[in-house]
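A quick write-up on the structure given underneath.
Model, not experiment: these values are computed from the prediction. Counting from 1, the numbers follow the sequence of the chain as shown.
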Amino acid sequence: MPALSARAVADRLKALLPPDGTPVLNRVLRVMLSRDFAQTIPDDLYEKARDLLSEAGQIGRLRGQGGQVFLAKDESGRAPRAEPSDALSEIQLMPHLERYLTGPFQNELDIPKHGVCLVKDTSRIGPPLGRWARPDFILATAMRFRIMPGAQLDVYSFELKAEFGATDLAVYEALAQTRFTHFGYLVWHLPRDSAAQARLQEITAQCSQHGVGLIRIHDPKDDEKFETILDPVRKSTPQAAVDGFLEQRLDLREVKLLRTALEAP
């Protein structure tokens, strides 16, 4: 395979940046470039390509959070709309999503009285080197059938993104988590009149293509402002993968709760 030039990478990098000037994390861009070129993009090559665009005044750079870059001007020649300082971070959104999952979302599942449901923050639980193996939340339901023999366990994963964090890579992240769960959701805080609104149609199409559910948060403080745009498609995830995933993330009490609901009386 011929070696990539910094110019070729720079041209593709520029094409990947949102035209409205929305900043994108450097690590996200490196992954997207590696996918597009079907080979790993070394850090030094990425930095050379980024410097070419920066020195030409075609992109701007933001410090912090691993660094971000953005188009210096959008297609109309206006200055970019950088992420506002008062935008809520994922950490700030986590308690609101947990409240919604343990309330309205769980209620909509209509779990029978003899079934159980648990919600857990797994954003910091699991193998540290597991790629895209740490959903922000999981929700597990377990129940036995009343007439038919057997029981059913369903595991949902939720990947939360802040206002300017939803890219096509976020969809792949939510999809990748269904290696261990049955249903995958991308949850996106997208307020009304947000500059990121321009990406909604694209993100919705990507989620639909991959069977990933999409929940839009208009206002995190109001449960009525959580909108389910797409329901996910159930994945035929191997039982052993689900079992191992839960074993590494649930404590003994939670495991016992699920087992009791699944075991025959």
Side-chain angles (χ1 to χ4, degrees), residues 90-91 93-126 130 132-161 173-189 207 211-265:
E90 290 181 18
I91 293 177
L93 291 165
M94 288 286 283
H96 298 289
L97 178 55
E98 183 173 19
R99 184 197 69 243
Y100 174 73
L101 294 177
T102 56
F105 187 92
Q106 179 176 325
N107 294 338
E108 289 179 4
L109 295 177
D110 196 23
I111 303 166
K113 292 182 179 180
H114 63 278
V116 300
C117 178
L118 65 85
V119 175
K120 184 160 189 174
D121 177 349
T122 53
S123 59
R124 299 176 182 269
I125 303 175
W132 293 342
R134 287 185 172 184
D136 290 303
F137 284 97
I138 60 170
L139 182 150
T141 65
M143 66 175 185
R144 288 198 62 81
F145 300 121
R146 287 298 198 185
I147 299 177
M148 296 175 56
Q152 181 166 325
L153 171 70
D154 287 328
V155 181
Y156 301 73
S157 51
F158 300 86
E159 182 60 34
L160 175 63
K161 293 301 178 185
E173 190 171 358
L175 174 63
Q177 291 162 3
T178 59
R179 293 174 295 169
F180 315 106
T181 67
H182 302 107
F183 301 94
Y185 275 94
L186 174 62
V187 184
W188 183 12
H189 177 222
C207 286
V212 172
L214 179 60
I215 297 175
R216 177 182 179 178
I217 305 176
H218 295 265
D219 179 358
K221 297 179 181 179
D222 186 352
D223 287 341
E224 297 294 326
K225 300 298 184 180
F226 283 68
E227 176 191 4
T228 299
I229 296 177
L230 290 173
D231 289 318
V233 175
R234 194 180 201 278
K235 308 297 184 182
S236 55
T237 309
Q239 292 183 353
V242 177
D243 190 73
F245 176 81
L246 293 177
E247 185 179 19
Q248 292 181 322
R249 288 157 179 80
L250 302 183
D251 59 34
L252 293 178
R253 181 192 65 81
E254 293 163 336
V255 169
K256 183 178 179 180
L257 182 68
L258 293 180
R259 281 179 176 169
T260 301
L262 293 171
E263 292 172 353

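- Remark: the backbone N or O of G184 is not paired with any side-chain donor or acceptor of T178 at under 3.5 angstrom.
- T228 places no side-chain N or O within 3.5 Å of a backbone atom of I215 that could act as its donor or acceptor partner.
- Remark: R234 CZ is packed, more than 12 non-hydrogen atoms of other residues, nucleotides or ligands lying under 6.0 Å away.
- Here the side chain of D136 pairs no donor or acceptor atom with the backbone of S123 at under 3.5 angstrom.
- Between L186 and L230, every side-chain heavy-atom pair lies at or beyond the 4.5 Å cut-off.
- Aromatic ring centroids of F158 and F105 lie under 6.0 Å apart.
- For S157 (side chain) and F183 (main-chain N/O), a donor-acceptor pair under 3.5 Å exists by modelled atom type.
- For the pair H182 (side chain) and V155 (backbone), a donor-acceptor distance under 3.5 Å is present.
- R249 contributes no side-chain N or O that, together with a main-chain N or O of L246, makes up a donor-acceptor pair within less than 3.5 Å.
- The backbone N or O of L262 lies less than 3.5 Å from a partner atom in the side chain of R144, making a donor-acceptor pair.
- In plain terms, the two heavy atoms of A261 and A142 that are nearest each other are CB-O, 3.8 Å.
- Taking a 6.0 Å sphere around NZ of K120, one finds it holds more than 12 heavy atoms contributed by other residues, nucleotides or ligands.
- With sequence neighbours left out, the side-chain contact (heavy atoms from CB on, under 4.5 Å) criterion links P112 to H114, M143.
- Sorted by first and then second residue, the pairs that involve residues 97-111 and meet side chain to side chain donor-acceptor pair (under 3.5 Å), not counting sequence neighbours, are H96-R99, R99-D223.
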